[in-house]
Enquirer: 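My questions all concern the structure below.
Chain letters run A, B, ... following the sequence lines, proteins first and then strands; every chain starts at 1.
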Amino acid sequence: MQASSKITCIIDDDEIYLFTVKRVLEMHKLSDTVLEFRNGQDAIDFFSKHQHNQKALPDVILLDINMPVMNGWEFIEEFRKLQPVIAKPMNLYVVSSSVNSSDIDKAKSYPNVDDYLVKPISHAQLKEIFHIIPA
Amino acid sequence: MRTDSIAVATEQSTSNLTDIKYILSNHLNTEVANLKALVQLLETEEDGAKRQEAMIFMASITTSLENAVISLNKAAYDSSEL
């Protein structure tokens, strides 16, 4: 088990995915706080509002692609514009059930995306993500 | 996205078979991923309430997969009539 004060942001509209990931984070004590947003726009609004507040901002973002209002690709573009003024480094992972190589290649083409993970994320993958975040 | 995708697929006409395939492919990928995640969770989940919640989600996936099969059958039948 890993003691942590890390904040995770999950941007996904799938309630089952949210349930399973939040529970795994809780069971393995990987993250103290989970912020959840059902679309990219809500997350961008949050980041804009708290851009100077390190304590409110997440360490890790788990981003879905297919969502209403603002999808994952649109989020990445908007997030890139915000990043220069955001007070905290954040690791951004695209997490999707798509195994389409064009989605994988597109995600990896963004310099601000750390990796592309195919759902379901294993417990080991989640542990690895949090292991590489500095305490 | 799992919400409403099957309903959308069911409404597609046979002229949009590519759309149906795309929607159902996404939907099936999502539901299979969710099912795997729930099974993985249940292997270690000791909290009875959380186990119960996971089982309810599994039941909803069963219904969702049944609807996907109905949509696939409809698309296959309609396309054979073209």
Enquirer: Report the distance from atom CG of B/Leu42 to atom CZ of A/Arg23, rounding to the nearest 0.5 Å.
Expert: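 Here the rounded value is 11.0 Å.
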
Enquirer: Rounded to the nearest 0.5 Å, how far apart are CD1 of A/Ile16 and CD of B/Glu53?
Expert: 10.5 Å

Enquirer: Once you round to the nearest 0.5 Å, how far does NZ of B/Lys50 lie from NZ of A/Lys22?
Expert: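 The NZ atom of A/Lys22 is 7.5 Å from NZ of B/Lys50, to the nearest 0.5 Å.
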
Enquirer: A/Ser96 versus chain B, heavy atoms under 4.5 Å apart: side chain, backbone, both or neither?
Expert: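 Neither part; nothing is under 4.5 Å.
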
Enquirer: Counting heavy atoms not belonging to A/Lys88, are there more than 12 under 6.0 Å from its NZ?
Expert: yes

Enquirer: Side chain, backbone, both or neither: which part of B/Ser25 has a non-hydrogen atom closer than 4.5 Å to chain A?
Expert: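 Neither part.
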
Enquirer: Counting only non-hydrogen atoms closer than 4.5 Å, does A/Ile65 touch chain B with its backbone (N, CA, C, O), its side chain (CB onward), both, or neither?
Expert: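 Interface part for A/Ile65: neither.
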
Enquirer: Contact part of B/Glu46 toward chain A, heavy-atom cut-off under 4.5 Å: side chain, backbone, both or neither?
Expert: neither

Enquirer: Under a single-linkage definition using a 4.5 Å side-chain heavy-atom cutoff for Ile, Leu, Val, Met, Phe, Trp and Tyr, are A/Val69 and A/Ile61 assigned to the same hydrophobic cluster?
Expert: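 Looking at the clustering, A/Ile61 is in a separate group from A/Val69.
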
Enquirer: Return the option, out of B/Thr44, B/Leu35, B/Val32, B/Leu28, with the maximum number of heavy-atom pairs under 4.5 Å with chain A.
Expert: B/Thr44

Enquirer: With rounding to the nearest 0.5 Å, note down the distance linking NE2 in B/His27 to OG in A/Ser97.
Expert: 10.0 Å

Enquirer: Just how far is it from atom CG of B/Asn34 to atom CG of A/Asp14, taken to the nearest 0.5 Å?
Expert: 4.5 Å

Enquirer: Quick one: pull up CD1 in B/Ile56 and CZ in A/Phe19 and give me the separation to the nearest 0.5 Å.
Expert: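 Separation between the atoms: 9.0 Å.
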
